[in-house]
Amino acid sequence: MINNISDNIKRVKDNITIAAQKINTDPQDIKLICVSKTIDQTRIIEAVKAGITILGENRIQEAKQKIADIKGKISWHLIGHLQTNKAAQAIKLFDLIHSVDSLKLAREINRQAEKNDKIIQILIQINIGNEDSKYGIPADDLPELLTQISNLQNVAVQGLMCIPPFNPNPENSRPYFKQMYQLFEKMKKQAIPNITMRYLSMGMSNDYTAAISEGANMVRVGAAIFGKRIY
Ligand SMILES: *Cc1c(COP(=O)(O)O)cnc(C)c1O
């Protein structure tokens, strides 16, 4: 992999374009979330200069500093797990929260959003592989959770997110992506009031093109842009 951020971004965008065109989708309709967790500000700024407009972070504290320091027309997304006691901070920092996975958390986001006179856009995280190690709700619990969340006036569900079981071969992620797409379409048809099925957030560095070909319209890419993360 060439370790040049702008070259990497160009390559990722080209791959997105090719994957979208294969399924007759406008590449503009696929949103690239550049995952900047653990990455220092200098390199993030390089990515922004190369055309990145959405940054994904997974920790509140780290994101807070970056959001304060990095200027520009950037949309910040929370992609990592959110603890209920951090909801108050999260709603002030992020434009989209990808990781809502309980009614308790949705209610707290709603309560904080109401106080701040905001409507917070969220995605529901599905534990599509039913793994003990992953956050997210089982697919079967989604209809009930959406019905409950639909009553919350300051929360606006915009779609679904998942992290399938890790597998180095992206072909093995396809069955999970397919299940997610079916779930997404099914919920869209149900047309629950105040629930929008607009974004399907799935696919990371090693499988984003497979995810797009199965219907993802938001991909979260870190390592393919910045190189391997050093923790
Ligand atoms: C870290 C992370 C990513 C990006 O993973 P890469 O393999 O670096 O592309 C995407 N989504 C979530 C939820 C993550 O935590």
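Counting convention: from 1, in listed order, for ligands and their atoms alike.
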Problem set entry | S205: numbered ligand 1 atoms lying under 4.0 Å from its heavy atoms | 6 (P), 7 (O), 8 (O), 9 (O)
Exercise. How does H98 reach ligand 1, by side chain, by backbone, by both or by neither, if only non-hydrogen atoms under 4.0 Å count?
Worked result: neither
Seminar exercise, completed: Taking only non-hydrogen atoms of G222 and a 4.0 Å limit, the atoms of ligand 1 in range are 4 (C), 6 (P), 8 (O), 9 (O)
Seminar exercise, completed: side chain to side chain contact (heavy atoms under 4.5 Å, CB included) with V155: of V100, I109, I119, I195, only one passes, and it is I109
Exercise. For ligand 1, which atoms, with element, lie under 4.0 Å from some heavy atom of R220?
Worked result: 4 (C), 9 (O), 10 (C), 11 (N), 12 (C), 13 (C)
For this session: Examine ligand 1 and decide if any of its atoms is less than 4.0 Å from a heavy atom belonging to N58.
Result: no
Exercise. Any idea which atoms of ligand 1 are less than 4.0 Å away from a heavy-atom of A223?
Worked result: 6 (P), 8 (O), 9 (O)
Problem set entry | W76 and its side chain to side chain contact (heavy atoms under 4.5 Å, CB included) partner, picked from I33, L93, I70, I54 | I70
Problem set entry | Under-4.0 Å heavy-atom contact with ligand 1, by part of I163 that carries it | side chain
Exercise. What pairs of residues pass the salt bridge (charged side-chain N to carboxylate O under 4.0 Å, His left out) test when at least one of them lies in residues 163-187, not counting sequence neighbours?
Worked result: E171-R174, R174-E214, K178-E214, E185-K188
Exercise. Is a side-chain donor or acceptor of D207 paired with a backbone partner of P170 at a separation under 3.5 angstrom?
Worked result: no
Problem set entry | F226 and its side chain to side chain contact (heavy atoms under 4.5 Å, CB included) partner, picked from V221, I39, V35, T38 | I39
Exercise. At a 4.0 Å threshold, what atoms of ligand 1 neighbour a non-hydrogen atom of V221?
Worked result: 9 (O)
For this session: Check step by step if side chain to side chain contact (heavy atoms under 4.5 Å, CB included) holds for K92 and Q112.
Result: CA-CA 9 Å; K92 290 181 187 148; Q112 296 297 340; over 6 Å; no
Problem set entry | Criterion side-chain hydrogen bond (donor to acceptor under 3.5 Å, both in side chains) against E57, the qualifying member of K37, H77, K66 | K66
Problem set entry | Minimum non-hydrogen distance to atom 10 (C) of ligand 1, winning option of H77, R229, M204 | M204
